[in-house]
Number of protein chains: 2
Amino acid sequence: MKIDPQKPADLSAQIAQAIRDAIVSGELIVDERLPSEAELSDQFQVSRPTVREALKRLAAQSLIRTQRGATGGAFVNRLSFEDAHSLQITTSTLLLSMNAVSFDTACEARYALERACAPLSAERRTADQLATMRAEIFRQAQPGLTDEAFCASDVAFHRALVDGAGNPVLSYQLAGAVEAMQPLMNMITFTARSREEIIALHTRLVDAIDAKNGSRAEHTLAELESYTRGLGRDVMATRIKATQGTGKKNGTLKTG
Amino acid sequence: MKIDPQKPADLSAQIAQAIRDAIVSGELIVDERLPSEAELSDQFQVSRPTVREALKRLAAQSLIRTQRGATGGAFVNRLSFEDAHSLQITTSTLLLSMNAVSFDTACEARYALERACAPLSAERRTADQLATMRAEIFRQAQPGLTDEAFCASDVAFHRALVDGAGNPVLSYQLAGAVEAMQPLMNMITFTARSREEIIALHTRLVDAIDAKNGSRAEHTLAELESYTRGLGRDVMATRIKATQGTGKKNGTLKTG
DNA sequence: CGATTTTATTTGTCTGACATTTAAAAGTCT
DNA sequence: AGACTTTTAAATGTCAGACAAATAAAATCG
């Protein structure tokens, strides 16, 4: 674990990278304790604040955890699916909100991924997951639900669908993509009519999953995608009409 | 932007979260300059090193960038697909290496995701992407290629396939999943026979994509998945036999 | 007016110190 | 001897003040 002393700037970044590499390469294993900050300062020939900045960088990625006290220190953290999941959500959410990604593009990606796990979900879903899906459909049918609450329930529904595949790697990837879409979905106004339609499609979807009919589930998802993208287009058209001549921006909902 | 002064520990984490929230909520927009470290120290009533630790946490997630000099400071960074992609790769790689994820599970997830974008890729792939795929197949056929080089080419091949979908969100998600699998793939010894088989499947795959035949591409991917998972099982069986009674570990390649 | 120098601002780094937490070691009492 | 209490040492968390380096704007000079 060495750093280049010739490049004076960004020492903390270099140190963080050196430690990161040591973790990735297996030189440092899970739950192993790193040298104390004082020892690291000596090793890298930098001051303790610099070492601390490096450690905070790693902590931000859940690569290490710190513990105070006599036997404390920084330990290599076992990256859990939960940690990875929440990291991915913040990343994906920001990516979508800061890069003129059209609703259409994000939607296409989301449903493409989701269709991928529909057959697996149809095959393996548990009774519990089916119950969750039906419960969310019931919630979506409640009158007086805000658009945000409707979308949140939508996310929970799809989350259960994804988890049904029984593949944690898939769940981690997909749940991130689905949840990151929520802010974009929240910008859509769901009329009573469109909610009815979505609920009907959700019902057909869970019925297909229940019946272990993967291809029907996939097909229903395709319909749901098409309908959702249509809604997005309508909302966009309305916004463009409403803002014509006013010079107002469309928020983060981009055309294209 | 406030922090809770009652919780004395982890001030830097609290400050980082406060700034992160301000960015996510849109209170701070892209390329906007944050207050200087001195000003932030005043605002949050903490010392400058504490503020700096918070900023480094955000820098680790590519949420801000810093610039020295008179007009320097910390700026809200536009998270690029590239940044997000590299963040996801480190996360996914560590997740797979540190959590007894079986080769089989990871493989299933990868091919499920990849199948999702095969139809889109068949429809939209550019001539350039087709050329890249064929070039990688050619490389894979070279004799004397190490397993690592073979796998790297495999990744490049699938990367081109994914990019063919012409959906940057999908590319970002998929490329992360595919690249994160590489360390696991590297543990497989590819015999001349298995390379031949994989190359044949790759060729059929690119032919299908070339012919804009999405369902055939999807089907070929399913065959590739089945073959790859079979290889993984064989390698595992061999390892178990080889290590029986010796007490040796199987590396990160887990059964089940 | 153009080129150069100065200056002010800001991040990057260092030193040294103190506070807080925590577990182990030492001590004390029964 | 054993259980409880106190002390101590080690580690992170935080602070204050300082200097170095980079950088662009302002001031100066030819």
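Throughout, a chain's letter reflects where its sequence line sits, starting with A, and its residues are numbered from 1.
No donor-acceptor contact under 3.5 Å links the side chain of R48(B) to the base of dG17(D).
Pairs of residues two or more places apart, or lying in two chains, that qualify as salt bridge (Lys or Arg N to Asp or Glu O under 4.0 Å) and include a residue from residues 157-175 of chain A are R159(A)-D163(A), R159(A)-E179(A). Applying the salt bridge (Lys or Arg N to Asp or Glu O under 4.0 Å) test to pairs two or more places apart or on separate chains, none has a residue in residues 69-82 of chain A. For residues 149-172 of chain A, every residue pair satisfying the ring-ring contact (aromatic ring centres under 6.0 Å, His included) rule, not counting sequence neighbours, is listed here: F150(A)-F190(A), F157(A)-H202(A), H158(A)-H202(A).
For R33(A), there are no salt bridge (Lys or Arg N to Asp or Glu O under 4.0 Å) partners two or more places apart in sequence or in a different chain. Residues passing the salt bridge (Lys or Arg N to Asp or Glu O under 4.0 Å) test with D83(A), sequence neighbours excluded: none. Partners of R68(B) under the salt bridge (Lys or Arg N to Asp or Glu O under 4.0 Å) rule, at least two apart in sequence or in another chain, do not exist in this structure. Under the rule for a salt bridge (Lys or Arg N to Asp or Glu O under 4.0 Å), the partners of E114(A) that lie at least two apart in sequence or sit in another chain are R110(A).
With dG13(D), dG12(C), dC15(D) as the candidates, the nucleotide lying closest to the side chain of D10(A) is dG12(C). Among the nucleotides dA16(D), dT12(D), dA24(D), the one closest to the side chain of Q67(B) is dA24(D). For S12(A), whose side chain is taken as the heavy atoms from C-beta onward, the closest listed nucleotide among dT13(C), dG12(C), dT12(D) is dT13(C). Out of dT10(C), dT12(D), dA16(D), the shortest distance to the side chain of S36(B) is found at dT10(C). Among the nucleotides dT14(D), dC15(D), dA22(D), the one closest to any side-chain atom of R68(B) is dA22(D).
Where P49(B) and L34(B) meet DNA chain C, the nucleotide closest to each residue was compared, and L34(B) sits on the side nearer the 5' end.
Summarising the geometry, the separation between CD on Q45(B) and P on dT14(D) is reported as 15 Å, rounded to the nearest angstrom. In this entry the distance linking CZ of F75(B) with C1' of dA24(D) reads 12 Å, nearest Å. As a whole-Å value, the separation of F44(A) CZ from dC14(C) P is 13 Å.
Using a cut-off of 4.0 Å between Lys/Arg side-chain N and Asp/Glu carboxylate O, E53(A) and K56(A) are scored as not salt-bridged.
Heavy-atom distances under 4.0 Å link DNA chain C to R52(B), K56(B), T66(B) of residues 51-66 of chain B, given in residue order.
Counted by atom type alone, R20(A) and Q61(A) present one or more donor-acceptor pairs between their side chains at under 3.5 Å.
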Distances under 3.5 Å only, N/O to N/O: pair up the protein atoms with those of nucleotides 6-9 of chain C.
unit_1: dT9(C); atom_1: O2; unit_2: A70(B); atom_2: N; d: 3.2

